[in-house]
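Shown next, in structure tokens, is the structure this report addresses.
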Number of protein chains: 2
Amino acid sequence: MNERAVFAEIFKLGKVSRPELAQATGLSKPTISMALADLERARLVRPIGLRTGNAGRAALLYEIRPQAGWVLAVDIGREFVRLALADLVGDIAARRDEPRKGGETPDELVASLAELTRELADEAGASVGDITLTVFGTPGIHDKETSSLQLAPNLPGWERTGAVELLAGVAAGAPYVVENDVDLAALGEGAYGYGQGVAHFALVWIGTGIGMGIVIDGRLYRGAQGAAGEISYLPVGEGDPLVNRGRGMLESVASADGVVALATRLGMRGVTSAKDVFDAARAGDPIADRVLATEADHIAHALAGVIAVLDPELVVLGGGIGVQAGDLLIGPVTDCLRDLVALRVPMIRASGLGTEAVLLGAMAVGLTTARDLVFERAVAQLPAG
Amino acid sequence: MNERAVFAEIFKLGKVSRPELAQATGLSKPTISMALADLERARLVRPIGLRTGNAGRAALLYEIRPQAGWVLAVDIGREFVRLALADLVGDIAARRDEPRKGGETPDELVASLAELTRELADEAGASVGDITLTVFGTPGIHDKETSSLQLAPNLPGWERTGAVELLAGVAAGAPYVVENDVDLAALGEGAYGYGQGVAHFALVWIGTGIGMGIVIDGRLYRGAQGAAGEISYLPVGEGDPLVNRGRGMLESVASADGVVALATRLGMRGVTSAKDVFDAARAGDPIADRVLATEADHIAHALAGVIAVLDPELVVLGGGIGVQAGDLLIGPVTDCLRDLVALRVPMIRASGLGTEAVLLGAMAVGLTTARDLVFERAVAQLPAG
DNA sequence: AGAACTTTGTAAGAGACCTTGCCAAATTTG
DNA sequence: CAAATTTGGCAAGGTCTCTTACAAAGTTCT
């Protein structure tokens with residue numbers, strides 16, 4: 001139908017008049033009026049007032065009715081659970097970061113998420129039943145065959161068949177999507193970060209673990225098993241690959257733990273986190289400098305492989321290390337890549353989204369999906385209403 | 001329009017009756033009749049006769065008019081130039097393999113290709129002017145900005161700005177497409193080989209050089225600069241990466257030259273080509289076995305990186321080494337990958353298309369593009385005719 | 001061999017949908 | 001306050017496709 005095109009256009013343009021819609025969609029005025037009447041009956045859009053100031057008659061402006069749908073985004077991280085509830089236009093009405101207790105069973109986690117969701121809905125002046133769609137960002141790989149999470153050691157119990165289906169209980173049975181957290185961060189980068197308007201890019205996530213989200217033609221690429229971008233297993237650095245089985249070579253040398261281990265090995269004292277090393281480097285500590293140089297070298301070698309395969313236009317560094325030390329790493333990594341890459345080195349940038357990347361990505365996916373859902377549902381019952 | 005759907009369906013089904021088309025497209029019988037009348041007036045399809053045998057009235061069968069378009073596929077290889085001329089349904093009407101003189105200038109090469117094209121057109125009972133589209137497969141990367149070929153040392157002179165435009169002269173100014181040969185081989189594998197029906201796969205080409213073609217969602221993925229899959233630069237094997245600058249580490253250890261070099265280093269005598277080594281291995285030569293094992297190991301390590309990034313459903317080995325030694329390599333490579341890959345190892349197969357892969361891929365691209373071209377052209381002048 | 005049945009192809013009618021053209025309403029500008 | 005301009009609504013017309021009905025041409029059964 002034509003209503004779909006009009007609906008999509010209103011999202012793109014915000015407050016908009018009929019003639020503007022006609023212009024944008026290429027449809028005629030009567031068609032636009034008809035479509036708007038239907039959309040208004042379906043309570044998807046609403047008139048917002050007159051725009052005066054231009055010559056001629058004042059135009060009646062329409063906008064999406066924000067309360068036509070609600071999206072809940074949930075980032076299930078290692079230490080925190082983050083939630084955001086937004087209306088259909090994407091304005092976040094309620095937000096919460098909650099430290100995780102650790103070692104919860106799936107049931108316990110779902111129960112606490114459900115409680116938080118109720119609180120958020122209250123705060124937003126909505127009810128849990130109004131939630132159109134929930135998007136969960138989790139570590140590991142969501143195996144849809146068995147509804148379980150693989151390769152997610154920090155979520156014990158979720159590797160069991162059917163465990164993922166428990167998440168339906170968070171928002172009273174509303175539809176939900178489960179996506180890898182790094183993949184969501186990549187989508188967040190594409191929607192709100194440096195990936196805007198870039199067709200092909202990769203987000204490399206370096207933190208406690210290492211992963212990569214790949215965006216091709218503006219859409220997430222997951223691979224055949226949903227394991228695309230699992231670069232923690234890239235053969236990088238010295239040593240027998242078999243020694244590090246199960247964790248991945250790149251991950252063991254380049255992750256936060258790897259940075260701390262190397263710093264300690266080189267003689268730094270009192271280092272308990274990667275951030276300590278970066279702070280020391282900023283203060284001019286020569287050992288920390290060497291650690292950083294080694295880290296940049298490892299990252300560059302990993303990126304060389306990624307670039308050879310994918311030839312992206314842009315690589316964004318995210319995750320704990322990307323956020324904390326991105327500014328220190330971009331330069332050396334780019335320099336090192338010049339020696340490793342055949343053609344032009346793609347842009348390398350540090351993510352500006354910080355710890356919000358996953359949640360923002362979840363919201364971006366959720367909003368586009370929710371818009372389709374809401375439209376489908378409303379149009380299905382249009383003839384009756 | 002609806003004619004497009006009907007046209008596409010006839011390609012898929014071959015000889016087909018109106019009721020079958022109605023069934024397949026979901027359109028009604030009168031609509032099909034109308035569309036067929038238009039297509040016939042445009043000389044895109046033709047009635048081919050009655051099908052009797054079924055109960056009821058005999059159905060009039062229609063098919064694509066093969067002479068409605070011609071596609072020329074050209075594989076510009078290192079030692080040979082291969083050409084094939086096919087009609088719009090894909091039947092190859094004329095075929096030619098010509099050894100290259102070596103060291104030709106672009107003008108000389110184009111002139112000899114143009115002469116061969118004339119001969120092929122004669123053989124096929126067509127004229128050069130009938131050719132709808134030409135597809136060229138070349139080594140290196142086609143830079144569309146400058147109309148030149150990069151990273152193609154075997155095609156001297158083609159790195160100059162505008163050189164690629166000379167190719168228009170091969171088939172009297174008909175539209176043409178220039179694509180990397182390995183990428184075309186991947187598309188060939190997708191259209192006629194093991195890649196049929198596989199959404200995400202990679203074709204790894206190992207011969208004199210090394211490359212990879214990536215198919216994602218059934219379509220070729222080229223990357224931002226057209227350099228996706230240039231895996232010759234993957235950091236694999238021992239040694240200083242800088243030593244092998246310009247050639248790529250993987251390429252220097254795993255290509256045909258690399259195999260010969262390793263065999264000689266390990267003490268084999270009289271080895272001049274990789275094929276000698278494989279023949280010896282088949283005859284039970286222990287040194288050749290070791291060379292093969294090493295080769296399998298190198299390939300597996302390279303594939304481990306590719307798989308970690310792309311998570312393909314299938315990896316096909318092609319090119320000289322893939323074709324000659326695919327059967328010997330598949331086993332050891334797969335075994336080795338089990339130790340290097342986190343999740344399930346994708347299928348690894350040796351291409352069955354042999355030296356035809358590039359040409360078949362060029363033909364596959366050419367046919368789909370030519371169908372669109374022919375349709376567009378014919379429908380544009382329909383109102384008049 | 002002929003009647004009955006099945007399938008195919010065409011013609012006519014009807015309905016949905018969108019556009020064009022025209023006119024009234026509302027606001028700014030001179 | 002009138003002219004100009006833009007907006008919104010209404011009516012008529014055209015295009016496209018489907019449904020229905022029927023004629024045509026084959027097969028199968030008796």
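Residue numbering restarts at 1 for every chain, and letters A, B, ... go by the order of the sequence lines.
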Check: So, A:Thr132 side chain and A:Trp70 main chain: donor-acceptor pair closer than 3.5 Å or not?
Finding: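 Present.
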Note to self: With the threshold set at under 4.0 Å for non-hydrogen atoms, list the residues of residues 53-60 of chain B touching DNA chain C in residue-number order.
What the structure shows: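 B:Ala55, B:Gly56, B:Arg57, B:Ala58, B:Ala59, B:Leu60, in order of number.
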Next item on the list: Specify the residues of residues 9-23 of chain B, ordered by number, for which at least one heavy atom lies under 4.0 angstrom from an atom of DNA chain C.
Entry: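 B:Arg18, B:Pro19, in order of number.
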Note to self: Reading DNA chain C from 5' to 3', where do the contacts with chain B start and stop? Cut-off is 4.0 Å to heavy atoms.
What the structure shows: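 Both ends considered, the range comes out as C:dT6 to C:dA11.
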Next item on the list: Can you tell me which residue pairs pass the salt bridge (Lys or Arg N to Asp or Glu O under 4.0 Å) test with a partner in residues 194-203 of chain A, sequence neighbours excluded?
Entry: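 As it turns out, there is no salt bridge (Lys or Arg N to Asp or Glu O under 4.0 Å) pair with a partner in residues 194-203 of chain A once direct neighbours are skipped.
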Atom of [X], atom of [Y] and distance for their closest heavy-atom approach:
| X | Y | result |
| --- | --- | --- |
| B:Leu184 | B:Ala362 | CD1-CB, 3.8 Å |
| A:Ala364 | A:Tyr192 | CB-CE1, 4.1 Å |
| A:Glu165 | A:Ser147 | OE2-OG, 3.1 Å |

Next item on the list: Please identify each residue that fulfils side-chain contact (heavy atoms from CB on, under 4.5 Å) with A:Arg51, with sequence neighbours left out.
Entry: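 Residues passing side-chain contact (heavy atoms from CB on, under 4.5 Å) with A:Arg51: A:Ser17, A:Glu20, A:Leu61.
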Notebook entry, point to check: Taking CZ from B:Arg51 and C1' from D:dT27, how many angstroms apart are they, rounded to a whole number?
Noted result: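 Interatomic distance, CZ of B:Arg51 to C1' of D:dT27: 15 Å.
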Checklist line | Rounded distance in Å - CG (B:Leu50) to C1' (D:dG26) | finding: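 These atoms are roughly 10 Å apart.
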Check: Would A:Val45 and A:Ile10 count as a side chain to side chain contact (heavy atoms under 4.5 Å, CB included) if you check the C-alpha gap in whole Å, the side-chain angles of each, and the deciding distance to 0.1 Å?
Finding: CA-CA 9 Å; A:Val45 305; A:Ile10 303 180; 3.8 Å; yes
Are [X] and [Y] ion-paired here, with the side-chain N under 4.0 Å from a carboxylate O?
| X | Y | result |
| --- | --- | --- |
| A:Glu376 | A:Arg371 | no |
| B:Arg118 | B:Glu123 | no |
| B:Arg46 | B:Glu40 | no |
| B:Arg377 | B:Asp372 | no |

Next item on the list: Please round to the nearest 0.5 Å and tell me the distance separating atom CZ of A:Arg222 and atom NE2 of A:His142.
Entry: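 Between A:Arg222 CZ and A:His142 NE2, I get 10.5 Å after rounding to 0.5 Å.
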Notebook entry, point to check: In Å, rounded to the nearest 0.5 Å, how long is the span from OG1 of A:Thr134 to CG of A:Leu85?
Noted result: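 Nearest 0.5 Å value for the OG1-CG distance: 9.0 Å.
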Check: What does nucleotides 11-20 of chain D look like as a protein-contact string, B for base, S for sugar-phosphate only, - for none, at under 4.0 angstrom between heavy atoms?
Finding: ------SBB-
